[in-house]
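Structure first, commentary second.
Since this is a predicted model, take the numbers as computed values, not measurements. Positions are given from 1, in the same order as the sequence printed here.
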Amino acid sequence: MADAEKVIIIGSGPAAWTAAIYAARANLEPLVFEGAITEENSTAGTLPLGQLNLTTEVENYPGFPAGNLEAYLDDAIDADIRAMMSPHAKEGVSGPELMQLMRQQAKNFGTRVITEDVVSVDFGRHPFQLTASDEKTYAALAVIVATGARANYLGLPSEAAFKNRGVSACAVCDGALPRFRNRPLVVIGGGDSAVEEADYLSKFASTVYMIHRRDELRASKIMAQRALDNPKIEVLWSRTLTEVLGDEAAGVTGVRLASTKGEADLEKEASGVFLAIGHTPNTAFLGGQLELTEKKYVRWTRPGRTETSVEGVFASGDVADDYYRQAVTAAGTGCMAALDAERWLAAKGFH
Ligand SMILES: Cc1cc2nc3c(=O)[nH]c(=O)nc-3n(C[C@H](O)[C@H](O)[C@H](O)COP(=O)(O)OP(=O)(O)OC[C@H]3O[C@@H](n4cnc5c(N)ncnc54)[C@H](O)[C@@H]3O)c2cc1C
């Protein structure tokens, strides 16, 4: 095993790259594990570059107003990577473009990147030990966990076929896109976040159908009432989504719903289907060595800081945040984690 790294960052979304930019500029020479390119990660939605790499337009990340970025992308990103990217298609920045820009920025300051998963950790001794999918073990004085969370989908083939063409798992991210305006939309789920998504979408949609498999919402009373009181939200009780309907040109055009009470199938016209059936944080590889919340997110142990239950291990982004779940907030806590790590290393005399 080589000498211990000053800081190892695990993940490859906005949190990880921001942490890397700050750590690199503080001379911590960060090593990033960006995840492995495997069939398993592809199916799970955890390929390198994170959740934004799975989407199209990003209209709410500051600094990228509508405009043609073609020349900037050509200039900013290493030619070999740029040659593999899809052509810049629209005004403003796309998720994959934004992620490549962040990765490039981190690399420009000397960040080293390994395209492997971290599969297990030993935080019981210091330097911390991390084992990667290349079966090598790496040592680190400080670790930043930025492995994100993945949105849960139902797993229907038609749902996968229309991802980014009407099927989404993030109303705040996608709800304001032109294709959803003044159109009927569907939200799948019955918990608090489903109500939040439906309520948010009702600002843009003509009608929001909430599809719930039971005859009562799982959401808290106050949230359920908010849905029931909203004239633009119609709850379709005891129904499950069996197929997303659509075509090549238009994307999503409707949904087919089965009944959990033996009634006939129902079809509804809709331009969008928003999944609100929860997220799964990518924390299994931690093997219980960091304290997690009930929903299995990493627990930040000090308010306003990125510290975890193990001194010297910090967490940033969606892996520790089940509330905001935005690229800019992930980047924000990535910055915080790098500063927290740097200060901790300095206080311990490691740096
Ligand atoms: C469809 C969709 C559209 C969205 N649109 C927007 C939007 O328009 N604007 C916005 O602000 N937000 C949007 N979001 C939310 C945004 O993508 C997330 O909030 C953000 O990406 C979280 O960043 P993160 O750095 O925490 O981690 P993630 O983006 O979740 O990335 C973490 C990555 O780390 C890697 N990883 C995981 N485990 C390991 C491991 N063990 N070892 C090594 N690497 C690992 C994986 O590659 C994983 O994908 C969208 C989300 C979705 C699903």
Side-chain angles (χ1 to χ4, degrees), residues 5-35 37 46-116 118 140 142-148 173 306 314-319 321 326-342 345 351:
E5 302 287 341
K6 287 180 197 153
V7 61
I8 286 182
I9 298 165
I10 316 170
S12 55
W17 299 123
T18 308
I21 291 164
Y22 275 78
R25 297 189 75 250
N27 288 333
L28 295 180
E29 301 161 344
L31 176 65
V32 170
F33 283 89
E34 66 174 346
I37 300 172
T46 52
L47 281 173
L49 299 183
Q51 297 172 72
L52 270 199
N53 204 45
L54 305 172
T55 189
T56 48
E57 299 96 324
V58 177
E59 296 189 324
N60 53 10
Y61 197 87
F64 294 93
N68 186 349
L69 287 182
E70 191 89 57
Y72 175 56
L73 291 165
D74 288 347
D75 188 49
I77 294 175
D78 283 345
D80 55 333
I81 299 278
R82 183 72 186 117
M84 290 189 297
M85 288 170 64
S86 303
H88 175 71
K90 293 212 165 140
E91 294 271 290
V93 74
S94 74
E97 289 165 356
L98 185 55
M99 293 320 303
Q100 288 290 0
L101 288 168
M102 288 189 196
R103 184 179 190 274
Q104 182 73 50
Q105 195 172 350
K107 285 191 71 177
N108 290 353
F109 289 114
T111 300
R112 290 157 300 140
V113 181
I114 297 183
T115 310
E116 299 284 352
V118 170
V143 170
I144 296 174
V145 179
T147 47
C173 312
T306 59
F314 304 86
S316 60
D318 287 13
V319 74
D321 171 17
Q326 292 297 294
V328 70
T329 50
T333 56
C335 159
M336 290 161 66
L339 294 179
D340 287 343
E342 186 203 355
L345 287 167
H351 167 50

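With a 4.5 Å cut-off on side-chain heavy atoms, Thr333 and Asp321 do not count as touching. Inter-residue side-chain proximity for Asn53 and Leu47 is flagged as unmet; no heavy-atom pair is nearer than 4.5 Å. Between Val328 and Pro14 the shortest side-chain heavy-atom distance does not fall below 4.5 Å. Phe64 is listed as a side-chain neighbour of Leu69, based on a closest heavy-atom distance under 4.5 Å. A heavy-atom distance below 4.5 Å is found between the side chains of Trp17 and Val113. Between Ile114 and Leu31, some side-chain heavy-atom pair lies under the 4.5 Å cut-off. For the pair Leu101 and Gln104, the minimum side-chain heavy-atom distance is 4.5 Å or more. Side-chain contact between Leu339 and Glu342 is present, with at least one heavy-atom pair separated by less than 4.5 Å.
Applying the salt bridge (Lys or Arg N to Asp or Glu O under 4.0 Å) definition to pairs two or more places apart or across chains, those involving residues 63-78 are Glu70-Arg82, Asp74-Arg82. Sorted by first then second residue, the salt bridge (Lys or Arg N to Asp or Glu O under 4.0 Å) pairs that include residues 6-17, not counting sequence neighbours, are Lys6-Glu29.
To the nearest 0.5 angstrom, Gln326 atom CD is 5.5 Å from Asn60 atom CG. Rounded to the nearest 0.5 Å, atoms CD1 (Ile9) and CD1 (Ile144) are 4.5 Å apart. Here the CG atom belonging to Leu98 is positioned 11.0 Å from the OG1 atom belonging to Thr55, to the nearest 0.5 angstrom. Distance check, rounded to the nearest 0.5 Å: CG of Asp318 to OG1 of Thr329 gives 6.5 Å.
In this structure Ser12 satisfies the side-chain hydrogen bond (donor to acceptor under 3.5 Å, both in side chains) test with no other residue, sequence neighbours excluded. Partners of Glu59 under the side chain to side chain contact (heavy atoms under 4.5 Å, CB included) rule, at least two apart in sequence or in another chain, are Glu57, Leu177. Qualifying side chain to side chain contact (heavy atoms under 4.5 Å, CB included) partners for Arg25, counting only residues two or more places apart in sequence or in other chains: Ile21, Phe109. For Thr18, the side chain to side chain contact (heavy atoms under 4.5 Å, CB included) partners are Tyr22, Ala331, Cys335, not counting sequence neighbours. Here Glu34 pairs with Arg103 under the salt bridge (Lys or Arg N to Asp or Glu O under 4.0 Å) rule; sequence neighbours left out. In this view, Asp340 and Thr306 satisfy the side-chain hydrogen bond (donor to acceptor under 3.5 Å, both in side chains) rule, not counting sequence neighbours. For Ser94, the side chain to side chain contact (heavy atoms under 4.5 Å, CB included) partners are Pro96, Glu97, not counting sequence neighbours. For Glu116, the side-chain hydrogen bond (donor to acceptor under 3.5 Å, both in side chains) test picks out Ser133, with sequence neighbours left out.
In this structure, Ser316 and Ala15 approach most closely via the heavy-atom pair OG-CB, 3.6 Å. Taking each heavy atom of Thr111 and Ala106 in turn, the nearest pair found is OG1-O, 2.8 Å. Residues Met99 and Gly13 share a closest heavy-atom pair of CE-C, 3.5 Å. When all heavy atoms are compared, the tightest approach of Gly35 to Pro48 is O-CG, 3.4 Å.
Within 6.0 Å of CD1 in Ile81 there are more than 12 heavy atoms belonging to other residues, nucleotides or ligands.
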